[in-house]
Amino acid sequence: MLQCWGRWSVPREHGGFLSTFSSKLISDDWPGYSLDLFTYPQHYYGDLEYVLIPHGIIVDRTERLAKDITQDIGDNDIVVLCVLKGGYKFCADLVEHIKNLSRNSERFISMKVDFVRLKSYHNDKSMEDMQIMGEDDLSDLRGKNVLIVEDIIGTGRTMKALLNNIEKCEPKMIKVASLLVKRTSQPDGFRPDYYGFEIPDIFVVGYALDYNEHFRDLNHICVINDQGKAKYRV
Ligand code: HPA
Ligand code: MG
């Protein structure tokens, strides 16, 4: 008889891929994947500890988020507000998936894409002051359905500040999609409407997430090691 290996049949204590990824939560003891299993730019050899989320899984998860968002959008047109720089890869892939889904459906969702740029990290530490750039155009958001697309939400302080600014423009609706949410010690941490994965409270790079502008050209989401941090410290 054909045996069905349902994902819930793998005992949690066995660890490994299925138990760790059976939800969108990546546990603190997830060892990640060896770098030897994948390809990555040679200029980062020796600078990374392990792969936390391979590129293929990011893209597949993004496709599912696009499906969820498309279903929720219904008949509404949206303005996608991409938070630069880290959000550009996730936003581009998400918009592409939404476009493909809507092309094959009854109604083509009209999407405008706009950008806002935030800077709040120095080395791997969050700074008190968050700078918002490109916010002059936010008044265009009045009466619109806005989907904010972000790479990662840590303490949520940055997102709350951005939401405060956007709310002043009186959009009709605001939803937030973040590829990653960090499990920080903040009890009042911000929860986006959509997110790809909840990850441990560690500093990650790749898929447009940077460490002092480096590692955006890495496809997988990885953890950097001490050598990488020292090499690109400013
Ligand atoms: N990596 C890159 N940028 C970030 C992170 C991170 O882990 N957390 C918040 N911004
Ligand atoms: Mg970001």
Side-chain angles (χ1 to χ4, degrees), residues 20 24-33 35 40-41 43-44 47-55 57-58 61-62 81-94 115-134 148-165 176-234:
T20 308
K24 51 191 172 182
L25 187 148
I26 299 176
S27 62
D28 284 347
D29 57 3
W30 168 236
Y33 295 89
L35 288 152
Y40 62 102
H43 48 272
Y44 296 134
D47 302 334
L48 299 164
E49 198 79 46
Y50 58 88
V51 176
L52 185 74
I53 315 175
H55 181 249
I57 294 179
I58 301 169
R61 177 79 185 117
T62 304
L81 188 67
C82 172
V83 182
L84 295 173
K85 295 181 184 171
Y88 90 89
K89 285 283 292 171
F90 176 49
C91 187
D93 285 346
L94 189 68
F115 301 90
V116 66
R117 186 169 162 199
L118 306 181
K119 187 155 174 48
S120 62
Y121 263 69
H122 184 82
N123 291 322
D124 56 350
K125 298 284 176 297
S126 178
M127 294 186 296
E128 274 304 306
D129 283 340
M130 183 208 51
Q131 297 158 259
I132 304 182
M133 289 158 269
I148 301 176
V149 180
E150 173 68 293
D151 54 353
I152 185 164
I153 292 177
T155 61
R157 212 162 35 84
T158 311
M159 184 49 68
K160 282 178 191 165
L162 178 62
L163 280 170
N164 265 340
N165 274 45
V176 178
S178 180
L179 176 62
L180 306 174
V181 175
K182 236 183 234 193
R183 224 170 11 257
T184 63
S185 48
Q186 232 77 12
D188 60 342
F190 179 85
R191 280 276 150 179
D193 302 283
Y194 307 94
Y195 65 94
F197 302 99
E198 182 189 295
I199 65 164
D201 193 3
I202 46 176
F203 196 81
V204 292
V205 293
Y207 195 69
L209 283 103
D210 75 309
Y211 175 80
N212 296 328
E213 300 299 329
H214 296 276
F215 299 99
R216 292 197 203 275
D217 56 341
L218 174 67
N219 275 344
H220 316 292
I221 291 180
C222 298
V223 177
I224 48 175
N225 61 19
D226 290 342
Q227 176 183 311
K229 283 187 188 173
K231 188 164 154 189
Y232 298 111
R233 195 176 296 281
V234 291

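Remember, it's 1-based here, ligands and their atoms both numbered in the order they're listed.
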Count the heavy atoms of every other residue, nucleotide or ligand shown that sit under 6.0 Å from CG of Asp28, and state whether that count exceeds 12.
yes

Of the choices Val204, Val205, Asn212, which has the non-hydrogen atom that lies closest to atom 2 (C) of ligand 1?
Val204

Where does Asp151 meet ligand 1, judged by heavy-atom distances below 4.0 Å: at the side chain, the backbone, both, or neither?
neither

Short list, please: which atoms of ligand 1 are under 4.0 Å from a heavy atom of Lys182?
5 (C), 6 (C), 7 (O), 8 (N)

Those atoms of ligand 1 less than 4.0 Å from some heavy atom in Ile202:
7 (O)

Mind running side-chain hydrogen bond (donor to acceptor under 3.5 Å, both in side chains) on His43 and Asp217 for me, showing each step along the way?
CA-CA 10 Å; His43 48 272; Asp217 56 341; 2.8 Å; yes

Test log, rule side-chain hydrogen bond (donor to acceptor under 3.5 Å, both in side chains), inputs Tyr207 and Asp93:
CA-CA 11 Å; Tyr207 195 69; Asp93 285 346; 2.5 Å; yes

Is a donor on one side and an acceptor on the other found under 3.5 Å between the side chain of Tyr211 and the backbone of Ile224?
no

